[in-house]
Amino acid sequence: MAPQEQQLHFVLFPLMAQGHMIPMMDIAKILVHRNVIVTVVTTPHNAARFTSIFDRYIESGFQIRLVQLQFPCKEAGVPDGCENLDTIPSLGMAAGFFNATSFLQQPVEKLFEELAPPPSCIISDMCLPYTNHIARKFNIPRISFVGVSCFYLLCMSNIRIHNVMDSITTELEYFVVPVKVLAWFFYEVGSYTTLLVNTS
């Protein structure tokens with residue numbers, strides 16, 4: 001008899017900001033519908049925003065978990081309870097907030113030693129670079145989640161390809177983004193719709 005394959009276990013790390021957390025929760029839902037065990041790692045304040053969704057999925061028999069780690073406000077000089085970008089008093093404290101996220105590396109390493117089954121893959125926000133070290137330490141793949149629009153990525157790619165920044169002399173200078181969209185193609189694979197953009 002052939003050995004039974006172990007069920008995949010993805011661990012998701014959303015950045016603690018609503019515009020990043022909501023799409024990451026959508027990814028979690030897609031994965032559990034594909035029979036993947038999902039663990040989402042966040043902080044108590046952020047977990048409270050999604051507890052009812054997780055409870056419904058667990059009651060429906062899906063293998064999804066919400067793991068809460070204490071956010072290191074004190075260590076990073078962030079006011080107590082500021083666990084999401086929408087709770088910091090000013091944008092001037094954003095650097096301290098992002099610095100605080102790096103303090104989560106050690107608690108996450110401890111968590112990874114205890115998770116069962118062992119994680120198969122990490123999906124983490126691009127703004128949480130410490131997860132790259134976790135992936136290397138535990139020898140598992142990491143997918144970086146970039147929560148920006150396709151149009152933004154297209155513009156940034158074209159700015160790079162056409163060396164637009166080489167001709168810019170000041171930060172206040174306007175420039176034209178060379179974007180010519182010739183055609184948009186949609187195709188469906190299973191329940192996923194994919195957009196292909198043909199540019200010149």
Side-chain angles (χ1 to χ4, degrees), residues 10-34 36 38 40-43 45-46 49-50 53 71 76 78 82-102 104-105 108 121-136 140-200:
F10 280 51
V11 182
L12 278 57
F13 293 88
L15 176 68
M16 291 74 84
Q18 286 306 92
H20 293 246
M21 293 188 75
I22 292 169
M24 190 70 89
M25 295 305 148
D26 290 339
I27 291 170
K29 292 177 199 175
I30 290 168
L31 289 170
V32 296
H33 280 283
R34 297 286 183 261
V36 173
V38 174
V40 177
V41 179
T42 191
T43 64
H45 174 82
N46 292 290
R49 297 179 182 202
F50 296 98
I53 295 168
F71 194 69
V78 177
C82 292
E83 298 178 16
N84 191 296
L85 278 174
D86 66 9
T87 61
I88 59 173
S90 72
L91 284 178
M93 300 192 99
F97 177 87
F98 282 103
N99 184 41
T101 64
S102 66
L104 294 172
Q105 182 172 340
V108 169
C121 183
I122 291 173
I123 301 178
S124 64
D125 196 283
M126 64 178 276
C127 298
L128 299 173
Y130 78 88
T131 58
N132 201 28
H133 303 290
I134 302 291
R136 278 201 300 266
I140 56 175
R142 172 182 171 261
I143 299 169
S144 182
F145 170 72
V146 181
V148 296
S149 71
C150 292
F151 183 69
Y152 168 84
L153 292 173
L154 176 65
C155 290
M156 291 305 293
S157 176
N158 281 336
I159 288 170
R160 185 179 44 78
I161 289 168
H162 296 285
N163 301 313
V164 171
M165 300 311 289
D166 293 348
S167 62
I168 304 299
T169 56
T170 72
E171 288 184 12
L172 302 175
E173 188 176 339
Y174 288 95
F175 59 90
V176 175
V177 177
V179 177
K180 292 182 182 175
V181 178
L182 298 179
W184 300 76
F185 300 100
F186 289 93
Y187 72 93
E188 203 164 302
V189 178
S191 61
Y192 298 99
T193 301
T194 303
L195 169 65
L196 294 180
V197 180
N198 184 4
T199 63
S200 64

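What you see below is based on every heavy atom in this structure, not just the backbone, and it leaves out hydrogens, waters and symmetry mates.
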Colleague: Could you check L85 against M16 for side-chain contact (heavy atoms from CB on, under 4.5 Å), going step by step and ending with a plain yes or no?
Modeller: CA-CA 6 Å; L85 278 174; M16 291 74 84; over 6 Å; no
Colleague: Could you check F10 against L12 for side-chain contact (heavy atoms from CB on, under 4.5 Å), going step by step and ending with a plain yes or no?
Modeller: CA-CA 6 Å; F10 280 51; L12 278 57; 3.9 Å; yes
Colleague: For N84 and A17, which heavy atoms make the closest approach, and how far apart are they?
Modeller: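 The answer is OD1-CA, 3.4 Å.
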Colleague: Identify each donor-acceptor pair in which a side-chain atom of residues 88-102 lies under 3.5 Å from a protein atom, sequence neighbours left out, and give them as a table.
Modeller:
from	atom 1	to	atom 2	distance (Å)
S90	OG	G92	N	3.4
T101	OG1	F98	O	2.6
S102	OG	N99	O	2.6

Colleague: Could you report the tightest heavy-atom contact between R142 and M126, atom names first, then the distance?
Modeller: NH2-CA, 4.4 Å
Colleague: Please examine the side chains of I143 and I122, heavy atoms only from C-beta on, and report whether any two atoms are closer than 4.5 Å.
Modeller: no
Colleague: Can you name the nearest heavy-atom pair linking D125 to P14, along with the distance?
Modeller: CB-C, 4.3 Å
Colleague: Is D166 paired with R160 through a side-chain N to carboxylate O contact shorter than 4.0 Å?
Modeller: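 Between D166 and R160 there is no salt bridge, as every charged N stays at least 4.0 Å from the carboxylate O atoms.
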Colleague: Quiz question: by atom type and distance under 3.5 Å, do the side chains of T43 and N46 form a donor-acceptor pair?
Modeller: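 Present: a donor and an acceptor within the cut-off.
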Colleague: Between the main-chain N or O of H45 and the side-chain N or O of E83, is there a donor-acceptor pair closer than 3.5 Å?
Modeller: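 The answer is yes, because a donor-acceptor pair under 3.5 Å joins these two groups.
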Colleague: If you take all heavy atoms of I168 and T170, which pair is closest and at what distance?
Modeller: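 Result for this residue pair: CG2-O, 3.2 Å.
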Colleague: To the closest 0.5 Å, what do you measure between CG (L128) and CD1 (I134)?
Modeller: 11.0 Å
Colleague: Per the side chain to side chain contact (heavy atoms under 4.5 Å, CB included) rule, which among M21, M25, M24 passes with T42?
Modeller: M21
Colleague: Show, in sequence, the C-alpha distance, side-chain angles and deciding distance for I140 and C121, and conclude whether the side-chain contact (heavy atoms from CB on, under 4.5 Å) test is met.
Modeller: CA-CA 6 Å; I140 56 175; C121 183; 5.9 Å; no
Colleague: Once you round to the nearest 0.5 Å, how far does CZ of F13 lie from CG of L104?
Modeller: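 With rounding to 0.5 Å, CZ (F13) is 9.0 Å from CG (L104).
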Colleague: Please name all residues satisfying side-chain hydrogen bond (donor to acceptor under 3.5 Å, both in side chains) with E173, sequence neighbours left out, ordered by chain then number.
Modeller: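 If we apply the side-chain hydrogen bond (donor to acceptor under 3.5 Å, both in side chains) test to E173, skipping adjacent residues, the hits are T169.
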Colleague: Looking at OG of S124 and CG of N132, how far apart are the two atoms once the value is rounded to the nearest 0.5 Å?
Modeller: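 Rounded to the nearest 0.5 Å, the OG-CG separation comes to 7.5 Å.
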Colleague: Got P23 and F145 here, is their nearest side-chain heavy-atom distance under 4.5 Å?
Modeller: yes
Colleague: Return the CD1 to CG distance between I159 and L154, rounded to the nearest 0.5 Å.
Modeller: 10.0 Å
Colleague: If you apply the rule side-chain contact (heavy atoms from CB on, under 4.5 Å), what do you find for V11 with V41, and how did you get there?
Modeller: CA-CA 7 Å; V11 182; V41 179; 3.7 Å; yes
Colleague: Can you list every pair that meets salt bridge (Lys or Arg N to Asp or Glu O under 4.0 Å) and has a residue in residues 12-33, with sequence neighbours left out?
Modeller: D26-K29
Colleague: Using every non-hydrogen atom in the two residues, find where V164 and N158 come nearest and quote the distance to one decimal.
Modeller: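 Smallest interatomic distance, heavy atoms only, reads CG2-O, 4.5 Å.
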